[in-house]
Each structure stands twice: as structure tokens, then as C-alpha cells.
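Inspection log for the structure reproduced underneath, given as C-alpha cells.
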There are 2 protein chains.
Amino acid sequence: MDLTTKLTAAAERLFDRHGYMATGMDRLTEAAGMSSRTLYKHAGSKAQLMARVLSERDRRFMARLEVQTVDALFAALEDWVRVEGTRGCLFLRSRAETGGDTPEIAEAVAAHKAAFHQRIVEVVAAELGRQDPVLAEQVLVLLEGATHAAIYRGADAVSAARAAAAILIERAQS
Amino acid sequence: MDLTTKLTAAAERLFDRHGYMATGMDRLTEAAGMSSRTLYKHAGSKAQLMARVLSERDRRFMARLEVQTVDALFAALEDWVRVEGTRGCLFLRSRAETGGDTPEIAEAVAAHKAAFHQRIVEVVAAELGRQDPVLAEQVLVLLEGATHAAIYRGADAVSAARAAAAILIERAQS
DNA sequence: ACCAATGTAAAACGTTCGTTTTACATTGCA
DNA sequence: TGCAATGTAAAACGAACGTTTTACATTGGT
């Protein structure tokens, strides 16, 4: 495996499980199995490393949302939390940890959330055959809520959100 | 104003705006307007201070949720974000920042989220005249989702969630 | 009048932070 | 053959971390 890939994977794991600020670079060199010299050659800085973790995560997450129906969005989220666990949204968390004061991170988060919103708008439009910005906002709230409620309510939160979305969609179709 | 109160208020402001880990104790002494000796007499430690911030916030937040209807829960959240801003849930954020490894914080968060869930169950039961655990879970997801979506979608997220909840309630009543 | 409590100001504690540097080994290509 | 690139190991950088301590001022109650 490529060293940059190995580093990014190790960083994502540690930042996600223990927090961005709480993870020191020495713990990262150990987890990535490389010297700090090599780490900095590939990472640039801690903030740049986090930004790369986020854009990599955006790629993986958004790939799962390439679906045709709203219900499939929630099915995709169910798969995601089964694989990744329920620790909330790494994007919002990393931005909050840094108070929005780290440009690389703030930009990666803004890009992801814009894409996320756009995808939902598209899927809702495809399912209804027309634009419905309010319904899209409600689906976004349900997805965001499922992600964060699952932290302490478990996977039931996701299936409850899924059922709620089905009701809202059905109502909007008739 | 009491020194302990002043300290707790200053700590809540800084922890919420800049993050728990990112806020140093020197910034806290300056914001609270007291020496570090006095600060530590009242705070105990940084983690204990955060725990006190959280239980104080729990008191203020839960007081606003002493309502009779689900719609009033969302009205209360609208008021809350108008006053406190949209930076997400400080409880979930502080637990994530510490990886759940700081017992005082983890316990304060668990206590708050249990009370939050319980309150929703009660309000849903009062409105329907019967228990409905799934609907309660959906309302919880909508409240949690509104809180987090509002970070980047603004207050519209809360009113969208409010409208969605109204539909779910209406459907459950008939 | 005095003692105990409570506060300030500031230095110091040892540790850890993110990052850079020094010195050296390995490897792949011209 | 040899040089440039890429890696390791480890020490060092100054700054900042959470916390404690030293020395001193103010104040309120018996």
C-alpha cells in the first residue's frame, strides 16, 4: 500500500475515534508506521492532513449516495453506520473542534455539505418528478438527525428516520 | 455576580465557540477575569469545569422543553437557536472531542441525552393519549437533525423539521 | 484588633504539542 | 558506478499545555 494512503487511513481512524485536537502527531507516526520526517513530507501539516482525510471521506460517502430514491439514501446510511460506526459527522465535528478557524478544514467541510445538500435535492426531484426544496430540507434534517441520534440511540434512529421519510414522500406524491 | 457563575458562563462561551480542547486555561482566566489560582479553586480541573458547564446547560435547555405539545418542542428549539446560535450540540461535541475517555464529561452527556429522550417520550404520549416509541424516536431524530442541519442550513432547517413533525403527529392521531 | 478566608499577580512545574533537523541506510534509475 | 530520491531513527526546537506554588493584598466576622 502507498504510504500516503496508509497515512490518510491511519489519520482518519484516529481523528474519528479520539478527536482531531486530542490526537498527537506521535500517536499518528506510530499508527501509520513511519517516521515523523516521512509523515510531514506526505502530510504537509496536521491541518492539511485532516483536510485530505475529509476529502477522501467525502469521496467514499458520496459514492454511496449515488442512488435513485430517497429510501435508498437511508439504506445507504444504514450501510454506512454499520461499517463506520456511530460517532456522528466527522465534518461537523472537525469544524467545531477548530471553531471554524482552520481554513483547509472549513473549506473541506463546506464543500462536502454543499455536495450533500445538492445530492438530496436531486434525489427528491427525481422521485417526485419536480423540485421540492422543503421536502429536500426535511430529508436532509432526517439524515443529519439519524447520523447524530444514532450516537446514543443506536441504529434504531436510522430506521425511524427512514420510516418518517417514507411517510413524507408518500404524502408529497399524492 | 458570583465568581463560580462568572467562570462557568465564560467557560461555556469559549468551549462552545472554539471547542473544548482548543480552549486553553490562560484564555479562560482572561475571559473570566480572575487569577488561575482562583479559577482552579472554583473549577477543580478543566474536565470538571466542562462537566459543570454541561449540567448548567442541561438545566437551561431542559427548562425550555417543559411544554405540552410536540410543536411546542420545535418552537422551543427555534427560540434556543435564536439565542444561542447554531453550532450544534455541545454535549455530543464535547464527548466526541474527548473520545468518550473523560468520565465526568461522558456522564454529563449520558445524563442529558437520557433526560432529553425521556422528555420527548412524555410529550408524544401526552399529545397522542398513548405511548408511541417509534414516533418519539422520529421526533428525537427531527430535533437532533434540526440542531445539526442548522449549522450549515440555518434556521430554515428547524422550521422544516417542525413541519415534518406536524405531519407525522397528524397521521398518528387519526 | 485579629485571624481566617478569599482574592491577585506571576513565576515555575514537568509534559506534551506540532514541526524541523541531523545523521545515516536503502534503493532504483541513468 | 554513482547520484538522486526516499526512507528510518532520534534528538532538538520553541511554544503552549494543565496545574501548582510562592508571595502578598484585601476584607468580613467574632
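Per chain, numbering begins at 1; letters A, B, ... match sequence-line order. Bear in mind that the values here come from a model prediction, so they are computed numbers and not experimental data. Note that these values count all heavy atoms, side chains included, but never hydrogens, waters or copies made by symmetry.
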Is it true that atom [atom1] of [X] has more than 12 heavy atoms of other residues, nucleotides or ligands lying nearer than 6.0 Å?
X      : atom1 : answer
A:Q173 : CD    : yes
A:E84  : CD    : yes
B:R171 : CZ    : no
A:R119 : CZ    : yes
B:E122 : CD    : yes

Tell me the interatomic distance from [X], atom [atom1], to [N], atom [atom2], rounded to whole angstroms.
X     : N      : atom1 : atom2 : answer
A:M34 : D:dG7  : CE    : P     : 8 Å
A:K6  : D:dG7  : NZ    : C1'   : 12 Å
A:L7  : D:dT8  : CG    : P     : 11 Å
B:K41 : C:dG7  : NZ    : P     : 6 Å
B:R27 : D:dG18 : CZ    : P     : 11 Å
A:L39 : D:dT6  : CG    : C1'   : 15 Å
B:Q48 : D:dG18 : CD    : P     : 15 Å
A:L3  : D:dT6  : CG    : P     : 11 Å

Charged N-O contact under 4.0 Å between B:R60 and B:D58: no
Without swapping roles, check the side chain of A:E127 against the backbone of A:V70 for a donor-acceptor pair under 3.5 Å. yes
With sugar-phosphate taken as primed atoms, P, OP1 and OP2 and all else as base, the protein-contact string of nucleotides 10-21 of chain C at under 4.0 Å (heavy atoms; B, S, -) is B------SSBBB
With side-chain hydrogen bond (donor to acceptor under 3.5 Å, both in side chains) as the test, pick out the partner of B:Y152 among A:H112, A:E144, A:H117. A:E144
Would you indicate whether the side-chain heavy atoms of A:L143 and A:V139 approach each other to under 4.5 Å? yes
Scan nucleotides 25-29 of chain C against the protein and return all N/O pairs shorter than 3.5 Å with their distances rounded to 0.1 Å.
none

Shared ILVMFWY cluster between A:V134 and A:V124, side chains joined below 4.5 angstrom? no
Whether the B:T5 and B:T8 side chains hold a donor-acceptor pair (N or O, under 3.5 Å, no angle test) is what I'd like checked. no
Side-chain N or O of A:T38 versus OP1/OP2 of D:dT8: is the shortest distance under 4.0 Å? yes
Symbol by symbol from the 5' end, with Watson-Crick or G-U pairs under 3.5 Å, [ ] crossing and | another strand, DNA chain D is .|||||||||||.||||||||||||||||.
